[in-house]
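Order of listing sets the numbers, starting from 1, for every ligand and every atom in it. We use all heavy atoms of the structure for the numbers below, so side chains are in, but hydrogens, waters and symmetry mates are not.
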Amino acid sequence: MASNANRRKFLHAAGLGVAAAAMQSSVSAAPAESASAAKRVKIIAVSGSPRKGKTTAAALTTALEAAKAVDPERIETELIELADLKLNGNMAAGVPLEPGQQDDFPELATKLAAKDVGGIIVGSPVYFGSMTSLCKAFLDRCISLRMRQFALANKVGGALAVGAVRNGGQELTLQGIQAALMCQEMVVVGDGRPTCHTGATVWNSGKDDVSQDEFGMSTVKNLGRRVAEVALRMAAGK
Ligand SMILES: Cc1cc2nc3c(=O)[nH]c(=O)nc-3n(C[C@H](O)[C@H](O)[C@H](O)COP(=O)(O)O)c2cc1C
């Protein structure tokens, strides 16, 4: 009993309690989307690989190119590599930093929550059938955005996973990422037609090269395009 009560207390404090969520009045507090059809929309890709510039970053770059191609005048893109940042996942649960430790999350959070950001694509290498600890730390830290009146609500979310095996857990990894995005009240989409499944599933042939994975790279392009298309529709109030 006592431990249940403590757990409830913790969940409430962490912004996960039902009552706390209801009090957030999420729908009315979501960023208001202007009906302007000419509005510029930014799509950000976040790479959860600890290896900068490798296969996840390469696949996400292709996804962003496909997003940009939807409407080069209106779509802006940016790739953020978590490998460049200091992120402490434990802070999501309120554990303070050690003296002298750096934390780059606040700046990243401000960037992601900006009104002009219409879509966020989160990519991760598959590590033992799941996302990397770096990607999870990032998604866990986003609890502060949920607590800030669901600052990511109604932004379009997409997921991308790269594994060294063709079926090495990419779809499980996508599900983990998507679950976290849904907890932010984001609008999660998959890769669009013609592949049209749950996101981008990429195979690293073993030489840190994803370009030879014809099917996987088509899911990447279809994901980028789909995120951009839906983000533009959302921005236009459709
Ligand atoms: C600890 C670890 C676990 C891994 N587990 C898997 C796995 O379960 N399935 C898979 O397909 N690839 C696995 N891989 C391979 C990586 O997903 C693959 O090399 C990926 O392309 C790395 O992404 P990056 O180039 O962006 O770092 C693993 C790699 C590491 C380091």
Side-chain angles (χ1 to χ4, degrees), residues 43-68 77-90 92 102-105 107-109 111-112 117 119-142 156-181 186 188-191 195-228:
I43 309 291
I44 293 182
V46 178
S47 170
S49 173
R51 300 198 308 156
K52 188 174 158 65
K54 296 295 186 179
T55 59
T56 308
L60 285 170
T61 299
T62 299
L64 289 178
E65 285 166 2
K68 178 89 181 162
T77 63
E78 181 176 353
L79 172 67
I80 295 173
E81 299 209 52
L82 298 181
D84 284 330
L85 307 178
K86 295 267 181 288
L87 288 183
N88 183 316
N90 294 347
Q102 188 187 328
D103 180 52
D104 293 328
F105 185 76
E107 201 181 326
L108 174 57
K111 192 171 244 192
L112 295 175
V117 174
I120 300 171
I121 302 173
V122 178
S124 177
V126 182
Y127 277 13
F128 294 136
S130 189
M131 71 183 88
T132 62
S133 55
L134 180 58
C135 190
K136 188 69 167 71
F138 159 66
L139 291 171
D140 287 350
R141 291 295 302 279
C142 286
V156 180
L160 174 153
V162 188
V165 180
R166 175 63 271 176
N167 299 304
Q170 285 88 340
E171 287 178 315
L172 283 170
T173 303
L174 294 184
Q175 284 175 17
I177 294 169
Q178 288 164 341
L181 302 185
M186 290 178 70
V188 176
V189 300
D191 51 318
T195 51
C196 199
H197 286 92
T198 56
T201 50
V202 188
W203 173 51
N204 169 5
S205 62
K207 295 182 179 153
D208 287 342
D209 178 17
V210 288
S211 65
Q212 303 305 307
D213 178 21
E214 199 179 323
F215 173 79
M217 292 311 283
S218 65
T219 66
V220 166
K221 291 173 194 159
N222 294 335
L223 176 73
R225 192 198 69 235
R226 177 83 181 136
V227 168

Q) Asn88: what forms a side-chain hydrogen bond (donor to acceptor under 3.5 Å, both in side chains) with it, not counting sequence neighbours? A) none
**Q.** salt bridge (Lys or Arg N to Asp or Glu O under 4.0 Å) contacts in which one or both residues fall within residues 51-65, not counting sequence neighbours
**A.** Arg51-Asp208, Lys52-Asp84
(Q) To the nearest 0.5 Å, what is the distance between CG on Asp103 and CZ on Arg141? (A) 4.0 Å
Q. Excluding sequence neighbours, so at least two apart, what forms side-chain hydrogen bond (donor to acceptor under 3.5 Å, both in side chains) with Arg225?
A. Asn222, Glu229
Q. Quick one: which of Leu64, Ile80, Leu108 gives a side chain to side chain contact (heavy atoms under 4.5 Å, CB included) with Ile44?
A. Ile80
(Q) Among Gln170, Met131, Lys136, which residue satisfies the side chain to side chain contact (heavy atoms under 4.5 Å, CB included) criterion with Ser124? (A) Met131
Q: Report all protein residues having a heavy-atom distance below 4.0 Å to some atom of ligand 1; order the list by chain, then number.
A: Ser49, Arg51, Lys54, Thr55, Thr56, Pro125, Val126, Tyr127, Phe128, Gly129, Val162, Gly163, Ala164, Val165, Gly168, Asn204
